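Structure, as structure tokens:
Counting starts at 1 for both ligands and their atoms, following the listed order. For clarity, every value in this text was computed on a predicted model and none was experimentally measured.
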Amino acid sequence: MRYTDDPLTDLEVFSDSFLAPYAVRHSDNLGRIHGPEIQEYRTCYQRDRDRIIHSKAFRRLGYKTQVFTNDRGDNYRTRLTHSLEVSQLTRSVCTALRLNADYGETLALAHDLGHTPFGHAGQDALNHLMHGHGGFEHNCQSLRIVMTTENRYPEYPGLNLTRRTLIGMMKHRCGSFCSGVFSGDRSFADICNERDQGNPSMEAAVADICDRIAYNHHDLEDGFDSGYLHFKDMLEIPAFGEAYERSAQKYGKILGSSRESLKLKVVIREMLGEAVTDLIKTTKETLNDLRIFSLDELISLSPEQFPVKMGSEVTLKMKDVSVFLRDRLYNHPEVIKMSRRGTYIIETLFQEYVSRPSMMPLHVQKRITHAGTERTVSDYISGMTDRFAEKEYYKLKPS
Ligand code: MG
């Protein structure tokens, strides 16, 4: 797929000259589905980023659960603050590797747009309910949002992002999965086909790893603040224990006499620094051995050769953190109860709206002709914030 309808501006040519040969250049943007759009003072990926930030779906992330629903307190991460943290890490890593930081930032900000209310429980519930109707997956949903359901321009639906951004938003190869979600739409099929040609760009892979680095470390902090995770138990995690030792050497007595909550922040910052530094170092070393000189060469490498990775030791340490979080936080009885409640609300809303679509707003009902009842209900519910879904549920609940 090659499109040349967006001529490059001087700013884009200038920006490209600083990038590594395997980075995504502005000349790799593949154009936009709805014609060329040029602006002298922003590059094409900066425009994509700005469109995402100005979208309704992005604002709603502020009221969607990361782990804790936002009625639990104001200091916990939401999908919005998580996305900002991922974009900060992604920009830093991309800059250190001479990758396109604007493109990486755009993908990081967009990576959770398709998430349902109530975290992963919401996605699992909706996927189950959409069985036989194409299923539901948050990554495909992100693409649906930016290509169809966001409504900001009179000439076309969606945000008209560059094809390169749309391809980068697909974390995994699409296979046949997305075809159920997008049923017969040529533009979606083109994006999925292009994504399935090979590896993601390095910027997309960096955003994906930074997502994992961000939530692994921040969930430890939020878990501690909730009272479900305890400092002494976290010392059992090798990465945490070692980072505590390094911090103790660095700060000496001051750390010993600090509050546990401050100690935790110091240790987590140390762990996060180790993961990010290792990601940059290992990726640079792998690139040195590979000697690749273009994006095309990068995309056609075998997955085992793909250079964006952490070293084996830090990868194992990250796995230990994930296992600890799964066992002690995500499977904590109170977190399971929050998830069950979310599942119950989504199941109820889905059944009610499918049986009586006239309860949805008129502009949503209009989409039924094109997308079908179940897909329209799935789009509507997945776009809801936690609190809006709760409100709708209470309106329908018999008192
Ligand atoms: Mg995420």
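- Centroid-to-centroid, the aromatic rings of Y244 and F231 come within less than 6.0 Å.
- With respect to K395 and E392, a salt bridge is recorded, a charged nitrogen being found less than 4.0 Å from a carboxylate O.
- Nearest N/O/S atom of D211 with respect to the Mg ion (ligand 1) is recorded as OD1.
- Residues R269 and L272 form no side-chain contact, since every pair of their non-hydrogen atoms from C-beta on lies 4.5 Å or further apart.
- H111 lies close to the Mg ion (ligand 1), since one of its N, O or S atoms is found at a distance under 2.8 Å.
- Looking at R49 and D102, their side chains come closer than 4.5 Å, going by heavy atoms from C-beta outward.
- Taking the Mg ion (ligand 1) as reference, the nearest N/O/S atom within D112 carries the name OD2.
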